[in-house]
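Worksheet for the structure shown next.
Counting starts at 1 for both ligands and their atoms, in listed order.
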Amino acid sequence: MAEQEIYYEMLWDCTQCNTKGLLGDSHRHCPTCGAAQDPGKRYFPKEGEEVEAKNHKFVGADWSCAYCSSPNSAAAAHCTNCGAGQDGTKPVAIVADTAAVPEEPAQKPVPVARSTGWLRWALGLLALAVIGIVFLFTSTKETTATVAERSWAREIQIEQMARVSETAWCDSVPGDAYGVSRSREQRSTRQVPDGQTCHDERIDKGDGTFVKRRECTPRYRAEPVYDDRCRYQVNRWRSVRTLKADTQNALMPVWPMVSNLNANFLGGGMGALGSEREGTRRENYVLTLASGGKTWTCNVSETVWSRYQEGASTPLKVRLTGGADCDSLQ
Ligand SMILES: [Zn+2]
Ligand SMILES: [Zn+2]
């Protein structure tokens with residue numbers, strides 16, 4: 001940039017006479033007591049209280065006198081306070097602007113917790129506990145049990161073709177929908193550019209002055225995205241009742257009788273509104289086993305169930321926690 005950079009005065013406080021807000025460039029020494037400026041104690045003024053350093057020429061960061069610590073202009077060959085030479089001195093420390101709004105605070109590395117002896121002991125105990133629990137739940141001992149009770153249950157869902165009201169985005173309405181009505185609704189949001197957020201960054205030049213630099217980041221706002229929402233009706237099979245049969249009906253498992261199905265409702269044929277059909281079938285077989293005053297119930301397959309007669313003896317694996325290993329019934 002060709003434009004003239006504007007320099008502002010850093011501030012410093014005199015520790016000798018407690019005068020505050022002295023100017024970094026104009027007051028190399030305290031105007032009240034004459035003490036030399038400590039360049040390490042320079043700070044940025046509050047926003048809006050900045051004083052321009054008129055006709056300031058930047059020649060580089062100050063050097064700090066090795067003998068009396070006074071800040072000296074990079075152009076000065078000798079200390080203005082004590083006359084010592086510039087050789088071998090370091091430039092003064094640059095101050096970071098802590099008053100500026102921190103857009104993204106610098107991430108401090110999180111120190112990695114070192115595994116201590118205590119932690120190792122705890123992990124060891126935890127591993128032992130896990131092994132113990134696994135052992136408890138997997139190890140079994142064999143016992144001889146009696147088949148105390150056998151029961152079964154079977155059911156058939158009866159479905160009916162029914163008119164169902166649904167809503168969906170109009171681009172995913174099923175092909176057999178009817179009575180469709182549309183309305184506009186918000187479907188999502190999108191981020192659209194909305195100008196930029198700017199703030200002034202203040203940079204310590206190290207010679208008692210600072211400059212401002214404008215930092216801008218793009219800003220976005222959420223905008224609703226509308227689409228067509230469809231309300232419609234569609235004919236679908238719905239479960240309306242359940243036919244059941246169990247041990248009360250017969251000793252041997254049978255499926256419940258399916259009768260009086262309106263498969264051809266009002267002559268509309270299969271699939272017409274009001275017509276019925278068989279749906280999902282479920283079955284479930286239970287053996288109750290007893291040994292030494294304890295009982296266990298096992299859900300088994302029909303094949304396994306049919307092999308065990310009531311009153312028969314069978315080996316059964318029982319876990320240390322007391323539960324039966326029903327897979328040991330074959
Ligand atoms: Zn002073
Ligand atoms: Zn000096």
Original post:
Can we say the SG-SG distance for C82 and C68 is below 2.5 Å?
Top reply: no

Subject >> Under 4.5 Å side-chain linkage, directly or through intermediates, the cluster mates of Y308 >> reply: V147, W152, V254, Y285, L287, L289, W296, V300, V304, W305, L316, V318, L329

**OP:** Would you kindly say whether N81 and Y67 are connected by a side-chain donor-acceptor distance under 3.5 Å?
**Re:** no

Subject >> For D207, side-chain hydrogen bond (donor to acceptor under 3.5 Å, both in side chains) partners two or more places apart >> reply: H56, T209

**OP:** Look at the SG atom of C14 and the SG atom of C30, then say if they are under 2.5 Å from each other.
**Re:** no

Original post:
Tell me, which protein N/O/S atoms are under 2.8 Å away from the Zn ion (ligand 1)?
Top reply: C14 SG, C17 SG, C30 SG, C33 SG

Original post:
How about C33 and C17, are their SG atoms within less than 2.5 Å of each other?
Top reply: no

Subject >> Path from W63 to V92 over hydrophobic side-chain contacts below 4.5 Å >> reply: no

**OP:** Find out whether the Lys NZ or Arg CZ of R184 is both under 6.0 angstrom from the six-membered ring centre of Y226 and within 45° of the ring's axis.
**Re:** no

Subject >> F58 atom CZ: more than 12 heavy-atom contacts under 6.0 Å >> reply: yes

**OP:** At a cut-off of 2.8 Å, list the protein N/O/S atoms near the Zn ion (ligand 2), residue plus atom name.
**Re:** C65 SG, C68 SG, C79 SG, C82 SG

